[in-house]
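Order of the sequence lines sets the chain letters (A, B, ...), proteins ahead of strands, with each chain counted from 1.
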Protein chains: 2
Amino acid sequence: MVRLSGKVIDIEYRGLLLNRDDARTIGVLDGDRVEVVNEEKKAAAQAFVTTTATMLPQGTAGVYQVTNRKLQLDGGEAIEVRAVGRPASIDFIKKKMDGGKLSMEETQSIVREIVDNTLSPGEISAYIVGTYINGLDMDEIEYLTRSTVSTGEQLSFASHPIVDKHSIGGVPGNKITLLVVPIIMAAGLKCPKTSSRAITGAGGTADLMEALAPVAFTASELQTMTEKAGGAIVWGGATNIAPADDKIILYEYPLKIDPHGQMLASVMAKKFAVGADLVVIDIPVGRDAKVTSIEDGRKLARDFMELGDRLGMKVECALTYGETPIGRSLGVNLEVAEALTILKGGTAPDSLIQKSAAIAGIALEMAGKVQAGAGTEAALSLLSSGKADLMMQKIIEIQGGDPGVKPEDLPPGNHSFTVNAPETGYVVEMNNRALITIARAAGAPHDHGAGLSFHKKQGQHVKKGEPIFTIYADRSWRLQKALEEGRRLMPIAVEGMLIDRVPGNRWRSPMH
Amino acid sequence: MVRLSGKVIDIEYRGLLLNRDDARTIGVLDGDRVEVVNEEKKAAAQAFVTTTATMLPQGTAGVYQVTNRKLQLDGGEAIEVRAVGRPASIDFIKKKMDGGKLSMEETQSIVREIVDNTLSPGEISAYIVGTYINGLDMDEIEYLTRSTVSTGEQLSFASHPIVDKHSIGGVPGNKITLLVVPIIMAAGLKCPKTSSRAITGAGGTADLMEALAPVAFTASELQTMTEKAGGAIVWGGATNIAPADDKIILYEYPLKIDPHGQMLASVMAKKFAVGADLVVIDIPVGRDAKVTSIEDGRKLARDFMELGDRLGMKVECALTYGETPIGRSLGVNLEVAEALTILKGGTAPDSLIQKSAAIAGIALEMAGKVQAGAGTEAALSLLSSGKADLMMQKIIEIQGGDPGVKPEDLPPGNHSFTVNAPETGYVVEMNNRALITIARAAGAPHDHGAGLSFHKKQGQHVKKGEPIFTIYADRSWRLQKALEEGRRLMPIAVEGMLIDRVPGNRWRSPMH
């Protein structure tokens, strides 16, 4: 315990800034945990150790605003700072690194200390890498799911069933939630949907929905809206549902890993926390998707179903085609307009309509609204009758948007460039990752008008000079950036029907 | 690329503080890497994302001082901020996580990006945990050693041989460097010794040496001092020798791991970087030491020797007794005074003298100064003749200390408490970890007078009421803290000679 003078730092961040000499006296290194005490008030904080002492002479500690909210210093008061003992859960992380099996209590301790900011970034990463390398068995996955649920908010509905859907991602343009949720609601089922924003994609469902209405709501607001309107589509990040998962994802994404057990727990914790009874899971299968083979998709489906059983939820999974973007657009306004057009009677693109109806249809069958095998037809009928559109209007209205919004209210950006076919032939390849990179370079998801529109899709024939896709941007320099990426990445290949030739002698179109 | 107004934050820290909305526009999350550009000047920085906007309205970014040294903003200028691509080495980290073998180039890339602050804490931890779980083979250890050397400073001497020693740690009170280096120098050999400060111990060699003279020197100062005086004992942290290792250790210590390959590379990189030809490695073996069995010690020794071969260094190892503290003291002044007393002719504690002479003797034999088997005797003679003491005076003088310093200039703290034997019997156990905890509670290594002095050691007979050890502290509240820890931990056990009894019926002294 060392006594220092507290200096409030007018920055909305968390932590305690220490002079190097004071840090040595306390016995902490940069990044270590400390406990700070101001009379009766205490705060746990991460220590940042400064290398020189211009602003912080020895004996003075800087307290950032978020941390000071707990300490309520005016500045100049004496505070006490002590090194905090090693968090208990580090031993459990170590156990997993050493190949051990974690108990419910050990898992709960780790997840609690992730949520509490007790564990440092290096320690959280050690946990994730330990589970990535050594794996989690189904018991451990169940414990992780339950711990992720119990350390966040939960919904509890008086009437049932509650239906939920999830797409495990990896395929661009997957705006089906904007169709699936209203269809499910139109069948009289409740659907409190939480969605994510894009981290590396061109737009998550929450980014899309935000073009229509606010999406930041608390868990209890989500519950109330669902009770009143039958459903809602909100951003999960604001609900404090499964907050551990939000933190874990931050460490997984730079490493480009999504350990099997973590992924199962992440999805199912969110479903369990909103009180879902029936869950449909969309598993896109494709080269660049998270699941790359039908066999892996089936195995993952079985694991989802087993985990659902353990948690008392009924789960069905659909393996879907994930080789190319869903529908004919990428980017916020383009995708939202595409979905609204279908809700208002549009009949294209057929692939998007069929996929949405298939997923929603599974939910209708699970809920007993229609007989087995009749779900897709029922879903298509709820779509074409305009009943799903009415539900979407209810969602938009209850979330504070304009229910009268039309597709033309969501225009693409003013700056555009259309890429034409350099040869006559078939579209043999659409590179999902390259397409996302170009859409992001154009400004998606931040710039709502930015994105891509596809005139041809994989397998279609195109004549030399016909348009293949158009890039849209809200700002001209963004369009230039996207064009540069397009020239570099060549995201779409047009070739003759002959695809396989002797290696080393393969003919490539001038786009390559 | 987003344009923001730069606001200088008068805090000696590194990084860029972003408003949440700006962070979204740029496409970065809290902790992500960004590049910041002010006209011609650029800086790589970690982004800290604030949750509210009182001080940082949208459009304004806060630049900390360390980062601003590269940007040289006065405040208010327009800066450009962009997300930095994923560092190349993350793919190699992932490869190791997936059980792959890293090449020289891949290892070099990881180590370079650790040193450059390009990798985030979570990513560095992922690398360490990956190597911990999947291991490194001898090729990979060699690559790691060479990469650790080449990303830091190196010494290069005109005359040879250069001798170095290293103790791999885990045993408290191991002040032998203060005796071994002067003995080696007294034999006419050069010894540029870098040492560490205590992280979790009661005092590293650098902490001890600092009681006699400054220890913070650059690599080239270490070289010059060694050329002039024959040797020096400096703090490695200031030399920028093997800086990657300093960073890696920060992630290992909370996890309490020291992966085999990392440890070999860490030790040997420091020896290689100072230009050592001959290296003696002290491997303490004991319950609480890093090596817990003779067999493991032998295996480790073989690995050190093989790695030495690959790097062109001759290595010999000594397995030493690491069950109890070395000598009769713990803590800065107590340990330094103990070493000085021996240099100036003292004959106790014999165990410390014998260990130091044995380690130094190996070096003398390796250098061909004496015949095989005659090293220890020669070392003892250099010690008792006062020649080693003259060398220690040269070290102290060239580092800027007072060469006339005497043991009594290093007094223990004014506040003390002596623990007496509760029963007559034998000291059957000294718990190293508990002893270190008590010494640290008393203020070691920060308070130079703080520490422990042992009146009896393991295996010795003690009568009821006779003193076993004394706790010293510079401040009375520290002494109280240490006493509380002492009562809690009971670090020394006195029992009858009968140690093994049927489990469940073991007699314990009242100290337990």
Q.
Going by the rule side-chain contact (heavy atoms from CB on, under 4.5 Å), which residues pair with B/Asp22 if we only count those two or more places apart in sequence or in a different chain?
A. B/Leu4, B/Asn19, B/Gln58
Q. Do B/Asn134 and B/Lys96 have side-chain heavy atoms sitting under 4.5 Å apart?
A. yes
Q) Highest number of heavy-atom pairs under 4.5 Å with chain A: which of B/Lys256, B/Arg197, B/Glu123? A) B/Lys256
Q: Kindly write out the residues that satisfy side-chain contact (heavy atoms from CB on, under 4.5 Å) with B/Ile114, not counting sequence neighbours, or none if the list is empty.
A: B/Ile110, B/Leu119, B/Ile124, B/Tyr127, B/Lys247, B/Ile248
**Q.** Test item: B/Ile128 and B/Ser125 side chains (from C-beta on) under 4.5 Å apart, heavy atoms
**A.** no
**Q.** Contacting region of A/Tyr132 [heavy-atom separation from chain B under 4.5 Å]
**A.** side chain
Q: Output the residues of residues 474-482 of chain A for which the shortest heavy-atom distance to chain B is under 4.5 Å, in residue-number order; output 'none' if no such residue exists.
A: A/Trp477, A/Arg478
(Q) Within the structure provided, determine whether B/Leu17 and B/Tyr64 are in side-chain contact (heavy-atom separation under 4.5 Å). (A) yes
Q) Who wins among A/Ile93, A/Ile90, A/Asp91 for the most heavy-atom pairs under 4.5 Å with chain B? A) A/Ile90
Q: For each of B/Gly122, B/Pro121, B/Pro87, B/Ala198, tally heavy-atom pairs with chain A at distances under 4.5 Å, and name the one with the top tally.
A: B/Gly122
(Q) If I measure from the heavy atoms of chain A, does B/Asp21 come under 4.5 Å with its side chain, its backbone, both, or neither? (A) neither
Q | Which atoms of B/Tyr251 approach chain A - backbone, side chain, both or neither, heavy atom under 4.5 Å | A | side chain
Q) Is there a donor in the side chain of B/Ser89 and an acceptor in the side chain of B/Glu106, or the other way round, less than 3.5 Å apart? A) no
Q | Partners passing side-chain contact (heavy atoms from CB on, under 4.5 Å) against B/Lys70 (at least two apart in sequence or in another chain) | A | B/Ala43
Q | Distance-minimising heavy-atom pair for B/Gly331 and B/Ala444 | A | CA-CB, 4.3 Å
Q.
Contact between A/Val2 and A/Glu80 at the side-chain level, heavy atoms closer than 4.5 Å - yes or no?
A. no
